[in-house]
Peer 1: 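Below are the structure tokens for one structure; questions will follow.
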Amino acid sequence: MGDQRAWDQLVERYSRLVWAVVRGHRLGQADAADVWQTTWLRLVEHLGRLRNPDQLAGWLSTTARNECLRVVRLGRRERPDEHVALGRHSEGSPVPGPESALLADEERAAVAAAFARLSDRCQALLRLLVAEPGLSYVEVSRALGIPVGGIGPTRGRCLQQLRVLIDATA
Amino acid sequence: MAELSPADRELLTILRDMIEETDPVPAALVGAARASFTWRTIDAELAELTSDSALDAAAVRSTRAPRLLTFTAGETTLVVQVAPLAAGQETERRLLGQLVAPRPAQVEVRHGTGSFTVSADEFGRFRAEPVPAGPISLACRFAAAGEPTIVTSWVSV
């Protein structure tokens with residue numbers, strides 16, 4: 001953990017997870033970037049204390065969530081229309097990977113449109129459930145502030161709603 | 001916990017691919033996360049954020065009150081008042097700090113795009129401005145021989 005290369009690998013491994021937590025909150029672009037950066041800086045300062053790699057996913061997602069709640073409380077620089085554009089324009093069109101072939105354009109568009117119409121809570125939960133590396137239910141519970149026992153039923157309900165919305169779009 | 005049905009599992013896979021393709025982590029943010037490693041400090045003592053008035057219930061009711069951050073490392077407390085540099089200004093901050101026990105120090109204000117150093121006077125007071133909004137951390141170096149440098153936890157201001 002002592003060098004930049006090991007750090008870069010760690011960022012690579014956990015980026016999607018941290019991003020899923022950040023995107024699960026309705027933040028403006030500047031706030032999302034601040035939460036993101038603060039989370040990684042927190043990890044840098046705690047590197048010497050986190051001895052167990054198994055705790056890293058849970059620690060990062062909880063830290064990111066707490067920072068999201070902090071900026072939401074501050075209520076600053078929130079521009080309601082901003083979050084829509086976040087993550088889309090900065091990279092241009094993503095280069096199609098091997099997986100793209102699995103997902104036809106129309107199907108992807110239908111899933112994306114349906115997902116966007118889900119409640120914030122469902123979007124946040126599903127984002128976290130599909131993000132790599134996966135979290136335990138206890139960690140999901142902490143990262144979203146919902147009881148462990150509520151994750152299964154909520155997941156079922158959200159997937160059901162997603163199906164209905166996809167069918168309605170198709 | 002109910003097991004996922006094959007149909008649920010398939011839907012989650014489709015969802016993962018969709019998110020991966022339409023909402024990847026912005027490359028600029030990945031770059032910034034990598035660069036954050038350069039802020040690593042080995043020899044300093046960490047002052048954890050022990051209180052943030054922004055998270056107090058009372059502060060929500062009176063949002064005009066200045067935000068107070070309290071950091072603690074051993075016997076040392078650092079209280080920092082955060083205010084906009086000018087009314088309604090959301091991109092730059094003014095920090096007013098107080099070290100307890102009061103003593104002079106060199107305070108390095110580390111922020112997203114660099115750092116600068118201000119002096120805390122004999123009463124442990126300092127003022128830093130302009131500080132760009134975003135994550136900050138303060139490194140306090142003391143005159144006394146052997147007294148360890150204190151570095152605050154990062155917090156977004």
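Each chain gets a letter, A, B and so on, in the order its sequence line appears, and its residues count up from 1.
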Peer 1: With a 4.5 angstrom heavy-atom cut-off, is it the side chain or the backbone of A:Leu43 that approaches chain B, or both, or neither?
Peer 2: neither

Peer 1: Any side chain to side chain donor-acceptor pair (under 3.5 Å) involving residues 96-111 of chain B? Give me the pairs, sequence neighbours left out, ordered by first then second residue.
Peer 2: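 Qualifying pairs: B:Thr76-B:Arg103, B:Arg103-B:Glu147, B:Gln106-B:Ser119, B:Glu108-B:Ser115, B:Glu108-B:Arg141, B:Arg110-B:Ser137, B:His111-B:Thr113.
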
Peer 1: Are any of the side-chain nitrogens in B:Arg40 or A:Glu45 under 4.0 Å away from the carboxylate oxygens of its partner?
Peer 2: no

Peer 1: Do B:Phe71 and B:Val155 touch side chain to side chain, with heavy atoms closer than 4.5 Å?
Peer 2: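 Yes, their side chains come closer than 4.5 Å.
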
Peer 1: Decide, yes or no, whether a salt bridge links B:Asp23 with A:Arg16 under the criterion of side-chain N to carboxylate O below 4.0 Å.
Peer 2: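 Salt bridge flag = no for A:Arg16 with B:Asp23.
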
Peer 1: Quick check on A:Val130 against chain B: is it the side chain, the backbone, both or neither that has a heavy atom closer than 4.5 Å?
Peer 2: both

Peer 1: For salt bridge (Lys or Arg N to Asp or Glu O under 4.0 Å), just list the numbers for A:Arg65 and A:Glu67, CA-CA rounded to whole Å, side-chain angles, deciding distance to a tenth of an Å, and then say yes or no.
Peer 2: CA-CA 5 Å; A:Arg65 154 140 177 114; A:Glu67 290 308 304; over 6 Å; no

Peer 1: If you count heavy-atom pairs within less than 4.5 Å of chain B, which of A:Leu41, A:Val18, A:Thr39 leads?
Peer 2: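 Of A:Leu41, A:Val18, A:Thr39, A:Leu41 has the most heavy-atom pairs under 4.5 Å with chain B.
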
Peer 1: Do the two ring centres, one from A:Trp40 and one from B:Trp154, sit under 6.0 Å apart?
Peer 2: no

Peer 1: Give, as side chain, backbone, both or neither, the part of A:Glu132 having an atom under 4.5 angstrom from any heavy atom of chain B.
Peer 2: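 For A:Glu132, the side chain is the part near chain B, not the backbone.
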
Peer 1: Using heavy-atom distances under 4.5 Å, tell me whether B:Leu11 contacts chain A through its side chain, its backbone, both, or neither.
Peer 2: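 The side chain, not the backbone.
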
Peer 1: Tell me, for B:Val151 versus chain A, whether the close heavy atoms (under 4.5 Å) come from the side chain, the backbone, both or neither.
Peer 2: neither

Peer 1: Less than 4.5 Å to any heavy atom of chain A: does that hold for the side chain of B:Ala7, its backbone, both, or neither?
Peer 2: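 For B:Ala7, heavy atoms of backbone and side chain both lie under 4.5 Å from chain A.
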
Peer 1: What part of B:Thr41 lies closer than 4.5 angstrom to a heavy atom of chain A: side chain, backbone, both or neither?
Peer 2: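 Neither part.
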
